[in-house]
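Below you'll find the structure, written out as structure tokens, and then a few comments.
These numbers come from the heavy atoms of this one structure, side chains and all, not from hydrogens, waters or symmetry mates. Both ligands and their constituent atoms are indexed starting at 1 by order of listing.
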Amino acid sequence: MSAKPLVVENLTIHYYTLEGIVKAVRGVSFSVDKGESVCLVGESGSGKSTIGLAIVGALPANARVLSGKILVNNVNILELSSRELEKIRGRSVSIIFQDPAASFNPLFTVGQMLSDVIRYKLGIHDKEELKKKAIEALKNAGLPDPERVYNSYPHELSGGMLQRAAIAVALSTRPDILIADEPTTMLDVTLQAQILELLQELRRKLGLALVFITHNLGVAAGVCDKILVIYAGAMMEFGPVDEVLVNPLHPYTRKLIECVPRSSVRVGRLKYIPGSLPDLRKLPPGCVFAPRCEEAMDVCREEEPPLIEVKPGHFVACHKYKR
Ligand SMILES: Nc1ncnc2c1ncn2[C@@H]1O[C@H](COP(=O)(O)OP(=O)(O)OP(=O)(O)O)[C@@H](O)[C@H]1O
Ligand SMILES: [Mg+2]
């Protein structure tokens, strides 16, 4: 049996700041199979992007990985030199962001940018071959007039087209793993649906292992095989999408589900979870969600609950469930 493209094991990441140590990610584990999609879901500040950046080896300078492994095709990238890492980044693993403009230099055309990436990562130097590959990448990302996009500057493209171009850049090197960090948050609803559709199609066609990051459980429901619910840097629940959505175990997951707007139900105002994330520099003892949990018991404020497998493949970190 071949190894999974991505395995994250017990990952813990802190940021060092003048105001203290931000415990952004604590003991997160999950894996993604070829052609599978795993969603990281949680409120703003829960550590989703930090995990994504760690997987592409692009954490900011003030971040430290305290523990864990990130196995990309069975190689722990946390043990690689920066030169070795450079080979994997953009080659085995690519990332797209919420703001597609962030992936482009405004002074270069999309074609120049794409050609540079393909030349640098795939070692192709022939001009014609480069252009052919670039046009092909744009076409694969569903851009109807790839020649025009090739010759355009980023500001000449609409948000939806630019996100498609960013997807083309990310996939031009045929990576095994794609990290999509809130790729549709800045787009309007119709475009959102189109980009999600495109990602699904590419995942199937290319057998990509997809890590999809979103704060919206509704979006996650549409694109994922598995859902990892994360709160204040820690795993609350992990399991197959149907299991987690139909039979949510963690009180936080249930709250998130209640917050998904339903078009069929007329609601006066959007629901939200009262309270806010704890200060990641001074975490409360016990379960991090306890201060906002309506079901919290004494033990929840004292001991951090371990992650336990309640049903095969369905994990939860909550004192209500016993091993
Ligand atoms: N470079 C940094 N230095 C210090 N703290 C940081 C840095 N980057 C992120 N953080 C903090 O780490 C925590 C996790 O941030 P992260 O961006 O991973 O969350 P997120 O889940 O992606 O949030 P969002 O949904 O808003 O994108 C937050 O408290 C954030 O303020
Ligand atoms: Mg983020």
Is the closest N or O pair between G45 and ligand 1 shorter than 3.5 Å?
yes
Looking at V22, V28, V65, which one forms a side-chain contact (heavy atoms from CB on, under 4.5 Å) with I13?
V65
Between S46 and E43, a side-chain donor and acceptor under 3.5 Å:
no
Return the closest protein heavy atom for atom 26 (O) of ligand 1 as residue, atom name and distance.
S44 OG, 2.5 Å
By the definition side-chain contact (heavy atoms from CB on, under 4.5 Å), identify the one residue from I167, L171, V93 that meets it with L178.
L171
Can you confirm, on distance only, whether ligand 1 has an N/O atom lying under 3.5 Å from any N/O atom belonging to V22?
no
Checking heavy atoms under 4.0 Å, the part of N62 that sits near ligand 1 is side chain
What part of S46, side chain from CB on, backbone N/CA/C/O, both or neither, has a heavy atom under 4.0 Å from ligand 1?
both
of all protein heavy atoms, closest to atom 29 (O) of ligand 1 is L280 CD1, 3.2 Å
For atom 16 (P) of ligand 1, find the nearest protein heavy atom and state the residue, atom name and distance (0.1 Å precision).
T50 OG1, 3.6 Å
Determine how many protein N/O/S atoms sit closer than 2.8 Å to the Mg ion (ligand 2), leaving waters out since they are not shown.
1
Do NZ/NE/NH1/NH2 and the carboxylate oxygens of R26 and E304 come within less than 4.0 Å?
yes
Please list, chain by chain and in numerical order, all residues satisfying disulfide (SG to SG under 2.5 Å) with C300, sequence neighbours excluded.
none
